[in-house]
Amino acid sequence: AHGRTTVGRVARNGKAEANSYVIRELMTEEHVKAHLAGKQGVGSIPINSKNECKFGAIDIDDYDLDQKALAARIKSQKLPLVQCRSKSGGAHLYLFLDDWYPAAMVREYLTEVAALLGYAGREIFPKQDKILFDRGDVGNFINSPYFNADETVRYAVSETGEAMTLVEFLDKVEATRVPLSKLEIAPHVEKREDLKDYPPCLEQIILQGVINDYRNTTLFNLTTAHKKASSE
């Protein structure tokens with residue numbers, strides 16, 4: 001299956017309104033050509049019937065995101081991510097892998113990376129560790145970059161924060177593909193002994209500060225984790 005999206009007007013807050021739905025057909029070369037030509041937007045579903053994925057992504061849905069500053073953070077942390085501007089001005093941070101790996105492991109890594117970059121609690125793709133494929137579940141899709149490629153606003157961002165061409169993007173994808181065994185968060189993450197019983201994402205929230213948009217959720221999760229750590 002794959003996703004399709006038709007973009008409508010842009011709201012005052014910068015959010016691009018869209019009609020999105022899943023098509024239970026394989027994505028073909030013709031679908032991709034139509035996407036690049038600006039005729040019909042498509043999106044990819046990372047997870048397969050074996051609950052594995054070959055790519056994942058962090059969806060940062062901030063409409064006034066400083067793309068250059070984010071690119072600098074990714075570079076400084078030496079993270080194997082490909083940054084793309086989303087249709088509403090946020091970012092999709094893609095992780096491309098050399099083979100198919102368990103979705104749960106990829107999601108765990110990307111959750112920690114999101115926290116490391118200061119975006120804990122954001123959407124992670126694939127959105128599920130497992131899907132009930134035998135019951136018809138196919139998972140969620142993420143919109144592909146380079147819609148209307150010649151005049152796109154959904155472009156990849158270079159290390160210096162500049163827009164990349166489609167060919168440059170594809171070259172970077174291949175250059176940044178990694179095996180899951182080489183993904184390591186520990187060297188980049190500051191550790192505190194008093195936080196050792198907390199999940200990595202909450203450790204980073206405490207170290208970097210709470211994100212306003214997720215204040216209530218963060219407080220709930222911190223309280224739950226504190227009670228659990230105290231009882232143990």
Side-chain angles (χ1 to χ4, degrees), residues 2-5 7 26-48 52-62 65-101 103 105-107 109-110 112-114 116-117 119 122-126 141-185 187-188:
H2 68 279
R4 291 189 188 174
T5 296
V7 179
L26 291 175
M27 188 190 298
T28 67
E29 184 176 329
E30 293 307 311
H31 292 141
V32 175
K33 286 180 178 179
H35 175 87
L36 296 176
K39 296 177 180 178
Q40 175 62 66
V42 296
S44 296
I45 300 172
I47 195 168
N48 67 9
E52 298 171 330
C53 59
K54 202 172 182 180
F55 83 92
I58 303 167
D59 182 5
I60 302 175
D61 208 12
D62 293 1
L65 186 66
D66 187 333
Q67 301 285 345
K68 288 189 176 182
L70 178 56
R73 262 182 286 170
I74 292 171
K75 181 180 179 180
S76 68
Q77 295 291 347
K78 300 179 180 179
L79 296 168
L81 301 176
V82 179
Q83 176 181 341
C84 289
R85 185 187 185 277
S86 67
K87 66 180 184 297
S88 296
H92 293 163
L93 306 183
Y94 289 98
L95 171 71
F96 293 101
L97 300 161
D98 69 334
D99 206 343
W100 294 89
Y101 296 97
M105 296 177 68
V106 175
R107 280 175 45 78
Y109 172 78
L110 289 175
E112 293 186 9
V113 168
L116 176 66
L117 292 171
Y119 295 102
R122 302 309 172 97
E123 277 191 302
I124 303 295
F125 289 82
F141 72 90
I142 184 168
N143 286 312
S144 300
Y146 289 93
F147 175 74
N148 193 18
D150 289 341
E151 301 177 10
T152 191
V153 295
R154 303 187 213 171
Y155 48 78
V157 178
S158 71
E159 290 184 348
T160 58
E162 304 300 325
M164 300 172 68
T165 66
L166 175 59
V167 172
E168 289 172 336
F169 164 68
L170 295 173
D171 287 342
K172 185 168 184 177
V173 168
E174 295 308 317
T176 57
R177 283 193 190 279
V178 289
L180 193 64
S181 60
K182 286 195 175 181
L183 299 180
E184 182 63 61
I185 285 292
H188 309 292

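On a predicted model such as this, the values are computed, not experimentally measured, just so you know.
- Looking only at side-chain heavy atoms (C-beta outward), Val178 and Leu95 come within less than 4.5 Å of each other.
- The shortest distance between side-chain heavy atoms of Thr5 and Val42 does not fall below 4.5 Å.
- The structure places OG of Ser88 at 12.0 Å from CG of Leu65, a figure rounded to the nearest 0.5 Å.
- With hydrogens and angles ignored, the 3.5 Å screen pairs no side-chain donor or acceptor of Tyr155 with any backbone N or O of Glu162.
- In this structure the side chain of Ile60 reaches within 4.5 angstrom of the side chain of Leu70, judged on heavy atoms.
- More than 12 non-hydrogen atoms from other residues, nucleotides or ligands lie less than 6.0 angstrom from CD of Glu174.
- The pair Arg122-Asp62 meets the salt-bridge criterion, since a charged nitrogen lies less than 4.0 angstrom from a carboxylate oxygen.
- By the 4.0 Å N-to-carboxylate-O rule, Lys33 lies close enough to Glu29 to be salt-bridged with it.
- When side chains are defined from C-beta on, Val167 does not count as touching Phe169, because their heavy atoms never get closer than 4.5 Å.
- Minimum interatomic distance between Ala69 and Asp66 (heavy atoms only, all atoms of both residues): N-OD1, 3.0 Å.
- In this structure the side chain of Ser86 never reaches within 4.5 angstrom of the side chain of Asn143, judged on heavy atoms.
- Rounding to the nearest 0.5 angstrom, the gap separating the NE2 atom in His31 from the OG atom in Ser144 is 12.0 Å.
- In this structure, Ile45 CD1 and His2 NE2 are separated by 8.5 Å, a value rounded to the nearest 0.5 Å.
- Rounding to the nearest 0.5 Å gives a distance of 8.0 Å between CD1 of Ile58 and CD1 of Ile74.
- The two residues Ala103 and Cys53 make their nearest non-hydrogen contact at CA-SG, 3.9 Å.
- In this structure, the side chain of Thr152 engages the main chain of Phe147 through a donor-acceptor pair within 3.5 Å.
- Of the possible polar contacts, none joining the His35 side chain to the Arg4 backbone as a donor-acceptor pair under 3.5 Å is found.
- Side-chain atoms of Tyr119 and Arg73, non-hydrogen and from C-beta on, do get closer than 4.5 Å to each other.
- Arg107 places a side-chain N or O within donor-acceptor distance of the main-chain N or O of Pro126, the cut-off being under 3.5 Å.
- Of all the heavy atoms in Pro46 and Trp100, the pair that sits closest is O-CZ3, 3.9 Å.
- Here OG1 of Thr165 is found 12.0 Å from NZ of Lys172. Values are rounded to the nearest 0.5 Å.
- Between the side chain of Gln67 and the backbone N or O of Gly90 there is at least one donor-acceptor pair closer than 3.5 Å.
- Heavy atoms only, all atoms of each residue included: Ala57 and Ile142 are closest at CB-CD1, 3.7 Å.
- Scanning both residues, Leu116 and Gln77, for their nearest heavy atoms gives CD2-OE1, 4.0 Å.
- Using a distance-only test at 3.5 Å, with no hydrogens or angles considered, a donor-acceptor pair links the side chain of Arg177 to the main chain of Leu97.
- Glu159 is not listed as a side-chain neighbour of Gln83, based on a closest heavy-atom distance of 4.5 Å or more.
- Taking every heavy atom of both residues into account, Gly56 and Val106 meet most closely at CA-CG1, 4.4 Å.
- Considering only heavy atoms from C-beta on, Leu93 comes within 4.5 Å of Leu117 through its side chain.
- The aromatic rings of Tyr94 and His92 sit perpendicular to each other, their planes meeting at more than 60°, with 30° as the lower class boundary.
- The CG atom of Asp98 lies 7.5 Å from the OG atom of Ser181; values are rounded to the nearest 0.5 Å.
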